[in-house]
Amino acid sequence: MTETDVVMTIYVVLITVAFVISLKFASTTIQKTGTFLPQAIIAGTLNLVFMIAILIGWYLYAWGINEFLFFGGIVLGVGLLILSQITLYIVLFLKRKQWIQTYNNGS
């Protein structure tokens, strides 16, 4: 396994971790506050900020190595960013009733 393979794997793992952190944040705050839309927007923004930081990290790593590696990683990152945001909002919308019910039962 080359250094590039290891870095690409870490890149994808960090993107996945950013998604999971955003989802966990939204889950916890929706269950505690009972408000869906503000918490979903905050979770989406949190995911976006993490993803931008990860893309900047990729830029700093890959820019001096190879332009094909750089652009390939950027395309992969932007694609996963879009997929991550869409998936986050779909999961939040599908779990919305369950989490609000948890909030109502706890109050």
Side-chain angles (χ1 to χ4, degrees):
M1 209 173 194
T2 66
E3 176 187 349
T4 304
D5 294 336
V6 172
V7 172
M8 185 67 80
T9 304
I10 292 170
Y11 182 58
V12 172
V13 167
L14 285 175
I15 290 172
T16 306
V17 168
F19 171 75
V20 170
I21 289 172
S22 300
L23 184 61
K24 181 65 178 165
F25 172 80
S27 166
T28 304
T29 56
I30 290 170
Q31 289 179 26
K32 286 187 178 184
T33 64
T35 57
F36 174 74
L37 188 61
Q39 302 307 332
I41 291 171
I42 292 170
T45 304
L46 184 65
N47 190 33
L48 182 66
V49 168
F50 284 152
M51 295 292 284
I52 289 173
I54 293 167
L55 285 170
I56 290 172
W58 182 258
Y59 166 77
L60 294 174
Y61 168 75
W63 181 250
I65 296 176
N66 183 347
E67 62 270 1
F68 295 112
L69 176 67
F70 171 72
F71 287 115
I74 293 294
V75 168
L76 175 67
V78 170
L80 289 175
L81 166 73
I82 293 168
L83 182 67
S84 176
Q85 289 288 76
I86 291 169
T87 306
L88 178 68
Y89 286 122
I90 288 172
V91 170
L92 291 178
F93 184 73
L94 293 175
K95 295 278 194 165
R96 170 180 51 99
K97 289 182 183 178
Q98 176 185 350
W99 291 333
I100 292 175
Q101 185 68 31
T102 302
Y103 169 76
N104 290 333
N105 290 338
S107 298

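Numbering starts at 1 and runs along the sequence shown.
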Visitor: To the nearest 0.5 angstrom, please state how far the CD atom of Glu67 sits from the CD1 atom of Ile74.
Guide: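 The distance works out to 13.5 Å.
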Visitor: As a test of understanding, state which of Leu92, Ile90, Val91 forms a side chain to side chain contact (heavy atoms under 4.5 Å, CB included) with Leu94.
Guide: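 Exactly one option meets the side chain to side chain contact (heavy atoms under 4.5 Å, CB included) with Leu94, and it is Ile90.
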Visitor: Closer than 3.5 angstrom, by distance alone: can the side chain of Thr45 be matched with the main-chain N or O of Ile41 as a donor-acceptor pair?
Guide: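 At least one qualifying donor-acceptor pair exists.
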Visitor: Going from CD on Gln39 to CD1 on Ile42, what distance comes out if it is rounded to the nearest 0.5 angstrom?
Guide: 4.5 Å
Visitor: Distance-only, no hydrogens or angles: does the Tyr11 side chain make a donor-acceptor pair with backbone N or O of Gly73 under 3.5 Å?
Guide: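 At least one qualifying donor-acceptor pair exists.
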Visitor: Could you state whether Met8 and Leu80 fall into the same hydrophobic cluster, counting links through intermediate Ile, Leu, Val, Met, Phe, Trp or Tyr residues with side-chain heavy atoms under 4.5 angstrom apart?
Guide: yes
Visitor: Using the rule that two of Ile, Leu, Val, Met, Phe, Trp, Tyr join whenever any of their side-chain heavy atoms come within less than 4.5 Å, decide whether Val75 and Ile15 are in one cluster.
Guide: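 The answer is no; the residues belong to distinct hydrophobic clusters.
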Visitor: Can you tell if the side chain of Phe70 reaches within under 4.5 Å of the side chain of Ile65, non-hydrogen atoms only?
Guide: no
Visitor: Taking atom CZ of Phe50 and atom CZ of Phe19, what is their separation to the nearest 0.5 Å?
Guide: 13.5 Å
Visitor: Looking only at non-hydrogen atoms, find the nearest pair between Trp99 and Leu23 and report the distance.
Guide: CH2-CD1, 4.4 Å
Visitor: Applying ring pair (Phe, Tyr, Trp, His ring centres under 6.0 Å), name anything that partners Phe25, two or more places apart in sequence or on another chain.
Guide: none
Visitor: To the nearest 0.5 Å, tell me how far Met51 CE sits from Leu55 CG.
Guide: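 Reported to 0.5 Å precision, the distance equals 6.0 Å.
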Visitor: For the hydrophobic clusters of this structure (ILVMFWY residues joined by side-chain heavy atoms under 4.5 Å, transitively), does one cluster hold both Trp63 and Phe68?
Guide: no
Visitor: Is the backbone of Gly44 close enough, under 3.5 Å, to the side chain of Gln85 for a donor and an acceptor to pair up by distance?
Guide: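 Yes.
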Visitor: Membership question, hydrophobic clusters at under 4.5 Å side-chain separation (ILVMFWY): are Phe93 and Tyr89 in the same one?
Guide: no
Visitor: If the test is side chain to side chain contact (heavy atoms under 4.5 Å, CB included), which one of Thr29, Thr35, Thr28 qualifies with Lys32?
Guide: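 Among Thr29, Thr35, Thr28, the one meeting side chain to side chain contact (heavy atoms under 4.5 Å, CB included) with Lys32 is Thr28.
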Visitor: With a 3.5 Å cut-off and no angle check, do the side chains of Asp5 and Thr2 form a donor-acceptor pair?
Guide: yes
Visitor: For the CG atom of Asn47 and the CD1 atom of Ile21, what is their distance to the nearest 0.5 Å?
Guide: 9.5 Å
Visitor: I need the Thr102 OG1 to Ile30 CD1 distance, nearest 0.5 Å.
Guide: 10.5 Å
Visitor: Do Tyr59 and Val12 share a hydrophobic cluster (ILVMFWY, side-chain heavy atoms under 4.5 Å, transitive)?
Guide: yes
